[in-house]
Amino acid sequence: MCGIVGYIGKRRVVPILLEGLKRLEYRGYDSAGLVYVGEDATLKRHRCQGKLANLEEHMEALNVESRVGLGHTRWATHGAPSEANAHPHCDCSGSLVVVHNGIVENYHSLRDELIARGHRFDSETDTEVLAHLIEENLDDDLAAAVEKSLKKVKGSYALAVLWDKQPDRLVAVRSHSPLVLGVQESGGAFLASDIPALLPYTSEIVFLEDREMAILKADSWQVLGLDDGEPVAKKVHTITWNAAMAEKTGYKHFMLKEIFEQPLAILNTFRGRLDPETGQVSLPEAELDNAYLNSISRICLVACGTSWHAALVAKYWLEKWTGVPVEVDIASEFRYRTLLLDASVLVVPISQSGETADTLAGMRRARQFGARIVTICNVVGSTMTREADGIIYTHAGPEIGVASTKAFTSQLTALFLLTMLIGQERNTITPTEARELGRALIGLPALIEEELPRLRGETDRLAEHFTKCRDFLYLGRGCNFPIALEGALKLKEISYIHAEGYPAGELKHGPIALIDRDMPVLALAPKDGVYDKVISNVEEVKARHGRLILIGGVDDDNLHRLTPDLIRLPAVHEDLNPILYTIPLQLLAYQIANRRGCDVDQPRNLAKSVTVE
Ligand code: AGP
């Protein structure tokens, strides 16, 4: 998720851009840049790699009087972090610039076409194609050129454009990536990816909707439909948040915000990689061709913590749909144990940060045996992505909360795509199955989006009864057993309540000794192939007066007789239950920790990225 800020009005623009970018830094960034119209009426662009402070220091030496400009902090999705890849990006002449947040899905083909027509590219980014496309369509009106150009673009974008031949306006467009306007009675207009950037100047906010274009001038603003060019009447909202709350767009914690960002994170992770009609998957960055995929003898998934739980789920999927044997290792074990690897083994390190020391060390050891390394990672340009043979990026955006949520469900999404790709290439998934799996995944974000508000309320009510517990057991079977582990980890790492996840069938081999009236036991009971077995285990708990919580199907009338503490979920393809059933566990852990007054976003003793052994 990049950060965009723009302003046009009577004030000096550079301080506004820098302050606005600073207030968006929670969105994460690896480079930053800005542009304004200079005194000679040409565009002046300044970009720096690394922290925003580098750009601030660079601008300190300049005394800029300009009253119109754009700023951007980059969260890399295509092209490693560098000054050359930092926004704003310009056209061949340098007289038009764009800043962008989102993904141009068809940028490869657009870039090839533009180069064939003589355009020169300076970056590896998908964004730069937008500048050259608009350049081609420029006539006497910037907005018209932008509108015409975007007809060729597939993907998501929050886009802002400045042209030195019409320096009296900024043109901005929203399509599946947030963009808000700030307006003032006294004139002047702002635009930003998110509200925090605007609050120091105005609390009068206009929310752009998808497929809307804004034209901002020093003394007026207008919103048009991108597809029909018709004016759109917009409501001006008065925001009452304080700045601290605004960074979390009204959520009390980043973790809660990121739980609610999961539909978009899952969508962005499969966007452009999954054909909605055929279910065909393409993962070009993974560098896995058909010959190699048909030669692999084994897959080793290596990770830590929550990422290890994603690996455990993927084992069920990969062995079911590809017929390839899968090993799953905790990285701190993998890096020291005897490894039997060779070039026919596909090793997949999974990491949100791409910097976890144990996972990185495991990856380097696997390399010594000649194994093929494809990493699943959320941070472009991180160490693991630079050292792997191939990459499957999760597009979850920056995850600020130490407890991983949207990165985890995005990892599961990426692993599901990998499963489908390997199955399709090895012909172990039929075209009918591919269509079914693809449709199930494509339908998931909207379903989660719909369920989140209800689940937030239900888990809060449930948390009230369990806030003082000292122990918790989580049970699951099959591909949901790792989700029991994940639910337990979420609870213990943010509420400090001791919690354990177990395969439900393992209860009778010891842990059942723990069951009494004081022991909460949460069981995942979707209607799948092992449902009856889970219910038998639940009966064992009930017979010993354990405090049961069940997460099960909305249409399952059997659950009521077992416990009143129920959370119900809609039916999805049973292979996708691990993604869906994670959501209430994340929320329950959050609600309990919040009620206990814990530091949810930065729990004691933990770090977001464990870069030491
Ligand atoms: C997850 O909630 C934890 N914060 C932690 O287990 C984390 O998943 C683990 O440290 C791995 O981090 P990575 O995904 O960045 O490699």
Side-chain angles (χ1 to χ4, degrees), residues 28 253-259 261-262 265 269 301-314 328-335 347-364 366 373-388 391-415 474 482-497 499-501 582-583 585-590 592-593 598-613:
H253 296 104
F254 280 113
M255 182 180 176
L256 188 59
K257 175 171 176 279
E258 287 154 9
I259 288 172
E261 284 176 341
Q262 290 183 111
T269 297
L301 307 175
V302 184
C304 301
T306 285
S307 301
W308 174 61
H309 298 153
L312 289 170
V313 172
V328 178
D329 268 278
I330 287 179
S332 53
E333 291 300 310
F334 181 81
R335 66 183 292 187
V347 174
V348 183
I350 304 167
S351 175
Q352 186 287 129
S353 61
E355 302 297 346
T356 299
D358 286 324
T359 312
L360 186 56
M363 178 176 170
R364 288 168 175 164
I373 315 277
V374 174
T375 184
I376 292 178
C377 187
N378 194 44
V379 181
V380 175
S382 58
T383 305
M384 279 182 222
T385 64
R386 292 199 307 274
E387 296 189 10
I391 308 165
I392 303 175
Y393 280 118
T394 49
H395 291 304
E399 188 174 68
I400 311 299
V402 165
S404 187
T405 51
K406 63 176 182 173
F408 175 63
T409 47
S410 300
Q411 287 169 345
L412 290 176
T413 302
L415 286 159
Y474 288 73
I483 304 307
L485 295 176
E486 175 60 11
L489 177 61
K490 288 281 103 40
L491 185 68
K492 64 185 134 185
E493 68 176 327
I494 63 174
S495 74
Y496 317 140
I497 293 172
E500 288 186 77
T582 298
I583 309 292
L585 303 192
Q586 295 168 338
L587 285 167
L588 182 61
Y590 171 80
I592 291 174
C598 297
D599 184 349
V600 168
D601 283 336
Q602 292 171 345
R604 68 186 183 195
N605 311 337
L606 294 182
K608 182 60 187 168
S609 178
V610 183
T611 55
V612 293
E613 267 207 69

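Start at 1 and go down the list; that is how both ligands and their atoms are numbered.
Closest to atom 15 (O) of ligand 1, if we only count protein heavy atoms, is S353 OG, 2.7 Å. The protein heavy-atom contact nearest to atom 5 (C) of ligand 1 is T306 N, 4.2 Å. The protein heavy atom nearest to atom 10 (O) of ligand 1 is V610 CG2, 4.0 Å. Scanning the protein for heavy atoms near atom 4 (N) of ligand 1, the closest one is V402 O, 2.9 Å. Counting only heavy atoms of the protein, atom 3 (C) of ligand 1 lies nearest to E493 OE1, 3.5 Å. The protein heavy atom nearest to atom 14 (O) of ligand 1 is S307 OG, 2.6 Å. When hydrogens are left out, the protein atom nearest atom 11 (C) of ligand 1 is C304 O, 3.5 Å; that is the closest non-hydrogen contact. Among all non-hydrogen protein atoms, the one lying nearest atom 16 (O) of ligand 1 is T356 OG1, 2.5 Å.
Of all atoms in ligand 1, listed by their number and element, those nearer than 4.0 Å to a heavy atom of S404 are 1 (C), 2 (O).
At a threshold of 4.5 Å between non-hydrogen side-chain atoms, the residues L585 and K490 do not count as touching.
Residues that satisfy the side-chain hydrogen bond (donor to acceptor under 3.5 Å, both in side chains) test with Q262, not counting sequence neighbours, are T409, Q586.
Taking 4.0 Å as the cut-off between side-chain N and carboxylate O, E387 and R364 count as a salt-bridged pair.
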